[in-house]
Amino acid sequence: MKELICIVCPQGCHLKVDEENGCAVTGNSCPRGAEYGKMELTHPTRVVTSTVRCDGGLYPRCPVKTDRPIPKGQMLEVMAALEGVALSAPVAVGQVLVENVCGTGANIVATRNMLPR
Ligand code: SF4
């Protein structure tokens, strides 16, 4: 039996996932918790948030994120790939900056507008 805290919403339900019983989940207050508990044990994923270099803008770095969750095991690979990204202002919120980052199927998108200096 694995114990987890559900991170899908702020309520933070304490989940128990029975690995020997098809990853049956208890302690969840809604179906999303059951789905999260099962996924966390079988195929954990995360949305990656970070910043990348932005030249010519009001700020030196632009906040970014993946537009969908990626496999947890590829997070460091994606972070390393972002080190080589350099943008030029202007950048629009929601703009796709890197397509299919590291073959995950997720895009890296800007999470704020970056106006030129
Ligand atoms: S189980 Fe449902 S209510 Fe509980 S933290 Fe997860 S999403 Fe929120």
*Between T66 and N107, does a side-chain contact (heavy atoms from CB on, under 4.5 Å) hold up when you go through it step by step?*
CA-CA 6 Å; T66 55; N107 301 317; over 6 Å; no
*Mind jotting down which residue pairs meet the salt bridge (Lys or Arg N to Asp or Glu O under 4.0 Å) criterion with at least one end in residues 18-38? Sequence neighbours excluded, please.*
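Applying salt bridge (Lys or Arg N to Asp or Glu O under 4.0 Å) to every pair that reaches into residues 18-38, excluding sequence neighbours, yields nothing.
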_Pairs involving residues 51-64, ordered by first then second residue, that meet salt bridge (Lys or Arg N to Asp or Glu O under 4.0 Å) (sequence neighbours left out)_ = R53-D55
Using side-chain heavy atoms (C-beta onward) and a distance below 4.5 Å, is [X] in contact with [Y]?
{"X": "M79", "Y": "S50", "value": "yes"}
{"X": "Q11", "Y": "S29", "value": "yes"}
{"X": "T42", "Y": "C23", "value": "yes"}
{"X": "T49", "Y": "V64", "value": "no"}
{"X": "V85", "Y": "I108", "value": "no"}

Listing, residues 88-104 side-chain donor-acceptor contacts under 3.5 Å, not counting sequence neighbours, or none:
residue : atom : partner : partner atom : Å
Q95     : OE1  : A92     : N            : 2.9
N100    : OD1  : T104    : N            : 3.3
N100    : OD1  : G105    : N            : 2.6
T104    : OG1  : V101    : O            : 2.7
T104    : OG1  : A106    : N            : 3.2

*Got a sec, which pairs hit side chain to side chain donor-acceptor pair (under 3.5 Å) with one end in residues 70-86, sequence neighbours left out?*
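Of all non-adjacent pairs touching residues 70-86, those that pass side chain to side chain donor-acceptor pair (under 3.5 Å) are Q74-E77.
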_Taking side chain to side chain contact (heavy atoms under 4.5 Å, CB included) as the criterion, tell me which of R68, M75, M39 meets it with T45._
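Only match with T45 under side chain to side chain contact (heavy atoms under 4.5 Å, CB included): M39.
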*How far apart are the C-alpha atoms of M114 and L87, what are their side-chain angles, what is the distance that settles it, and do they pass the side-chain contact (heavy atoms from CB on, under 4.5 Å) test?*
CA-CA 10 Å; M114 295 294 284; L87 310 174; 5.9 Å; no
*For R46, check salt bridge (Lys or Arg N to Asp or Glu O under 4.0 Å) against everything at least two apart and list the hits.*
E40
*Heavy-atom pair with the smallest gap, counting every atom of I70 and V78*: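 Looking at all heavy atoms of both residues, the shortest contact is CD1-CG2, 3.6 Å.
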*asked:* Can you tell me how far apart CG (L115) and CG (L58) are? Round to the nearest 0.5 Å.
replied: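 If I round to the nearest 0.5 Å, the distance is 5.5 Å.
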*Which ILVMFWY residues can you reach from I7 by hopping between side chains whose heavy atoms are under 4.5 Å apart?*
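The other cluster members (ILVMFWY side chains, heavy atoms under 4.5 Å, direct or chained) are L4, V8, L15, V17, V25, Y36, L41.
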